[in-house]
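What follows is a set of notes on a single structure, which appears directly below.
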Amino acid sequence: HTYTASGDYTITLQVTDALGCIATFSQTTYITAIAEPLVTTPVNYCQNDIALQLSAVGTNLLWYTTATLGTGSTTAPTPSTTVVDTVSYYVSQTIAGCESPRAKIDIVISGISTSTTNVGVCPADMPYAWNSNSYALGGSYTVHFTNAVGCDSAATLILTVNNPTTS
């Protein structure tokens, strides 16, 4: 059983012998539940970005690639960003010999648009917006597009702003 809150719990054990006799044993015990480590999720990257090693706030962290079972590693993973995808990692903490439930960290790898005719969406159907530079002065500017997770589009355009005329 996993205890998600600390408190007094009555643990009952029922044993049946070969003759069918049942013996019941109960004991009330104070159980200290171990909370999940603190994580930041999701972690967003653009495809082919250099990823950082994952981190969490906790004690004696164990990192997993599955929500249950498996063998934990004391070394935090560094996610790959080569494929547009969402990948999950899990981390627990161990205090006084008790391991916590696993906290989930989603790694979201977003693609960038390489089309100059369809810069409205990236491969993950994420809209792009103009970069936020000021174009108040006359001149030519190279404009790029950025999506919600900060990925720059490969598509750019030249914007020419004329100086306002005075009458």
Side-chain angles (χ1 to χ4, degrees), residues 1-114 119-132 144-155:
H1 189 318
T2 301
Y3 298 93
T4 58
S6 298
D8 286 328
Y9 291 90
T10 301
I11 300 169
T12 304
L13 175 65
Q14 191 174 55
V15 179
T16 304
D17 67 13
L19 300 175
C21 296
I22 299 174
T24 302
F25 305 94
S26 286
Q27 178 178 342
T28 300
T29 304
Y30 184 82
I31 295 178
T32 301
I34 307 298
E36 298 175 347
L38 298 174
V39 299
T40 299
T41 187
V43 177
N44 295 301
Y45 287 106
C46 295
Q47 187 176 15
N48 298 318
D49 275 354
I50 297 173
L52 300 175
Q53 188 176 35
L54 296 180
S55 64
V57 177
T59 303
N60 300 317
L61 299 175
L62 288 175
W63 295 90
Y64 297 87
T65 56
T66 58
T68 60
L69 304 175
T71 302
S73 170
T74 56
T75 303
T78 301
S80 170
T81 63
T82 58
V83 176
V84 174
D85 198 1
T86 298
V87 179
S88 299
Y89 291 90
Y90 303 86
V91 60
S92 68
Q93 66 175 330
T94 302
I95 299 174
C98 296
E99 186 175 1
S100 74
R102 297 175 190 179
K104 180 181 177 184
I105 303 174
D106 287 326
I107 310 302
V108 179
I109 313 301
S110 297
I112 59 172
S113 174
T114 57
V119 294
V121 294
C122 71
D125 293 332
M126 184 176 295
Y128 282 83
W130 292 63
N131 57 343
S132 59
H144 64 96
F145 301 88
T146 305
N147 68 18
V149 295
C151 297
D152 287 336
S153 169

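Nearest heavy-atom pair, Tyr64 versus Leu69, reported as atom, atom and distance to 0.1 Å: CD2-O, 3.8 Å. Scanning all heavy atoms of the two residues, the minimum distance from Gln53 to Ala76 falls at NE2-O, 2.8 Å. The two residues Pro79 and Ala51 come nearest to each other via the heavy atoms O-CB, 3.2 Å. What you find for Val108 and Pro42 is that their closest heavy atoms are CG2-CB, 3.9 Å. Minimum heavy-atom separation, Tyr89 to Pro77: CD2-CG, 3.5 Å. When all heavy atoms of Val39 and Ala56 are compared, the pair lying nearest together is CG1-CB, 3.8 Å.
Interatomic distance, Thr41 OG1 to Ile107 CD1, rounded to the nearest 0.5 Å: 6.5 Å. Interatomic distance, Gln47 CD to Ile109 CD1, rounded to the nearest 0.5 Å: 8.5 Å. Atom OG1 of Thr12 is separated from atom CZ of Phe25 by 11.5 Å, given to the nearest 0.5 angstrom.
Applying the 6.0 Å contact sphere to CG of Leu13 captures more than 12 heavy atoms from other residues, nucleotides or ligands.
No side-chain donor-acceptor contact under 3.5 Å links Gln14 to the backbone of Ile22. Between the Asp85 side chain and the Val87 main chain, no donor and acceptor come within less than 3.5 Å of each other.
In this structure, a donor-acceptor pair under 3.5 Å is absent between the side chains of Ser92 and Ser100.
Residue pairs meeting the salt bridge (Lys or Arg N to Asp or Glu O under 4.0 Å) criterion with at least one partner in residues 98-109, sequence neighbours excluded, are Lys104-Asp106. Every pair passing side chain to side chain donor-acceptor pair (under 3.5 Å) that includes a residue from residues 69-83 is listed here, sequence neighbours excluded: Ser80-Thr82.
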Q. Between Tyr45 and Leu52, does a side-chain contact (heavy atoms from CB on, under 4.5 Å) hold up when you go through it step by step?
A. CA-CA 10 Å; Tyr45 287 106; Leu52 300 175; 3.7 Å; yes

Q: Would you please test Leu61 and Gln93 for side-chain contact (heavy atoms from CB on, under 4.5 Å) and show each step?
A: CA-CA 4 Å; Leu61 299 175; Gln93 66 175 330; 4.0 Å; yes

